[in-house]
Amino acid sequence: MKSKIKTILLTLLIFSFAEFAIYIGYALWNMADGLGGNRNITEQEFSDISNTLNNYFKTQENTPERWEITFSYFAKEILNDPVPNQYIVTVICTYKNENKNEKKKYRFEMLKGWKDYYIDWVEQCYMPSEQINKYWLQEDIENFEEVLNFIDKNKYSNSSILKLMNRELVKEKLGFNLLKSKSAIRGGYLSIYVSYISYKNSPCELRILFYADDFSEIEKELPPGQIKKIKEKFILDGDCYVFSMKNDENYQKYYKYKQKQIGEDIKLNLPSQYQEYYDSLTSPFNEIPYGYIIGYAPEVPHGRIAMEKLLELKNKDIFINIIKSDNPTGRMYGMEGLLRLDNSSKNMDIVNEVFEKLIKDKISYEAQSECIVTHEFYEKITPENINNYIENFSFEMN
């Protein structure tokens with residue numbers, strides 16, 4: 001009860017009344033729903049979303065004569081950026097324009113509050129005309145050809161992977177000589193996203209993906225042989241087609257090195273319904289911000305939801321493992337979870353054994369407050385600063 005009162009008073013100071021009402025909806029909603037994974041929406045969800053869209057279009061200056069939902073799903077994550085209670089909906093609208101029908105395509109992100117759905121953002125998407133742009137299509141064909149040839153060679157060396165990723169390459173140090181690289185191969189109608197984990201220039205894991213919705217726009221225009229190879233190499237996972245490669249031998253070399261630095265992980269036997277929360281905080285591919293309230297909505301970060309669920313188990317070993325994991329932001333939630341269970345000097349020493357090495361290597365993590373995103377460096381946890389993490393903000397979930 002005390003924490004609920006604290007939450008309400010703090011939120012009133014930060015947000016307007018409208019924002020506060022939305023937040024209460026999020027805090028009281030079944031937060032676990034946002035971790036259920038990509039899935040098709042139910043009939044009731046479809047009906048509620050349709051009503052929300054209908055009300056939205058009525059408020060627009062140019063109201064479509066008719067519209068149709070062509071693609072929809074309940075989203076666990078979008079490009080590894082999870083948001084609770086998120087729905088992605090693609091809509092084709094038909095407008096009357098000088099006695100001609102004009103079609104436009106929009107992608108909506110919808111969020112579910114306490115009682116109602118509301119639209120967080122909307123973007124107009126490319127709507128293919130009867131005459132497809134052959135130059136744009138050729139870009140996509142060439143990009144797919146490059147990626148498929150790379151996969152067919154089955155030679156996943158560090159140099160060959162980085163050669164594939166030679167556009168918009170971004171690198172992030174994860175700690176203990178583990179490196180994550182990301183790039184986007186832009187085409188005419190779709191982009192192919194590449195994420196790569198390496199240890200001392202040795203490949204550990206690779207993921208290549210593209211949006212299924214974008215692919216559907218040009219699938220019939222691609223060479224039949226190329227379509228077949230794409231379907232053979234890539235697996236449809238939610239809203240994306242994904243190819244993945246993992247080198248267990250190189251991962252083992254990394255784990256042996258890390259164990260010498262901070263010790264082995266503790267063996268856990270988690271209940272199945274909690275495993276996904278644990279994985280979301282430990283996977284290096286899962287990009288989550290550390291914070292309390294984020295976005296315009298506002299929203300509770302996925303990582304905080306996962307931490308709160310894991311706190312139900314009251315098992316310190318879970319959070320010790322998360323602190324030692326390869327997810328920079330997950331480590332922060334691991335630290336907070338451990339010290340909220342027991343903020344003894346012994347547990348602060350456990351945190352600092354890991355954090356001090358990350359501080360030395362200048363490793364950072366992503367933090368977010370409302371809409372402001374920053375990259376912060378780890379700091380040593382002391383009795384003087386511990387309350388900045390374990391008493392800053394809290395909420396209770398049903």
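- Taking a cutoff of 4.0 Å between a charged side-chain nitrogen and a carboxylate oxygen, E312 and K309 qualify as a salt bridge.
- Under the salt bridge (charged side-chain N to carboxylate O under 4.0 Å, His left out) criterion, the residue pairs touching residues 171-180 are E172-K180, K180-E287, with sequence neighbours excluded.
- Every residue two or more places apart in sequence or in another chain that forms a side chain to side chain donor-acceptor pair (under 3.5 Å) with Q275 is listed here: D279.
- Checked against side chain to side chain contact (heavy atoms under 4.5 Å, CB included), N250 has the following partners two or more places apart in sequence or in another chain: S202, P203, C204, N247, K253.
- By the side chain to side chain contact (heavy atoms under 4.5 Å, CB included) test, R107 pairs with I88, T90, W121, E123, C125, D213, D214, sequence neighbours left out.
- You'll find the ring centres of Y257 and F176 outside the 6.0 Å limit.
- Within the structure, the side chain to side chain donor-acceptor pair (under 3.5 Å) test picks out no pair touching residues 261-271 (sequence neighbours left out).
- The side chain to side chain donor-acceptor pair (under 3.5 Å) search around N352 returns none, not counting sequence neighbours.
- For residues 56-65, there are no side chain to side chain donor-acceptor pair (under 3.5 Å) pairs, not counting sequence neighbours.
- Under the side chain to side chain donor-acceptor pair (under 3.5 Å) criterion, E139 pairs with no residue at all, not counting sequence neighbours.
- Qualifying side chain to side chain contact (heavy atoms under 4.5 Å, CB included) partners for P383, counting only residues two or more places apart in sequence or in other chains: M348.
- By the side chain to side chain donor-acceptor pair (under 3.5 Å) test, S191 is found to be paired with R186, residues two or more places apart in sequence or in another chain being considered.
- Shown here are the side chain to side chain contact (heavy atoms under 4.5 Å, CB included) partners of T382, two or more places apart in sequence or in another chain: K380, E384, N385.
- Taking Y196 as the reference, nothing meets the ring-ring contact (aromatic ring centres under 6.0 Å, His included) condition, with sequence neighbours excluded.
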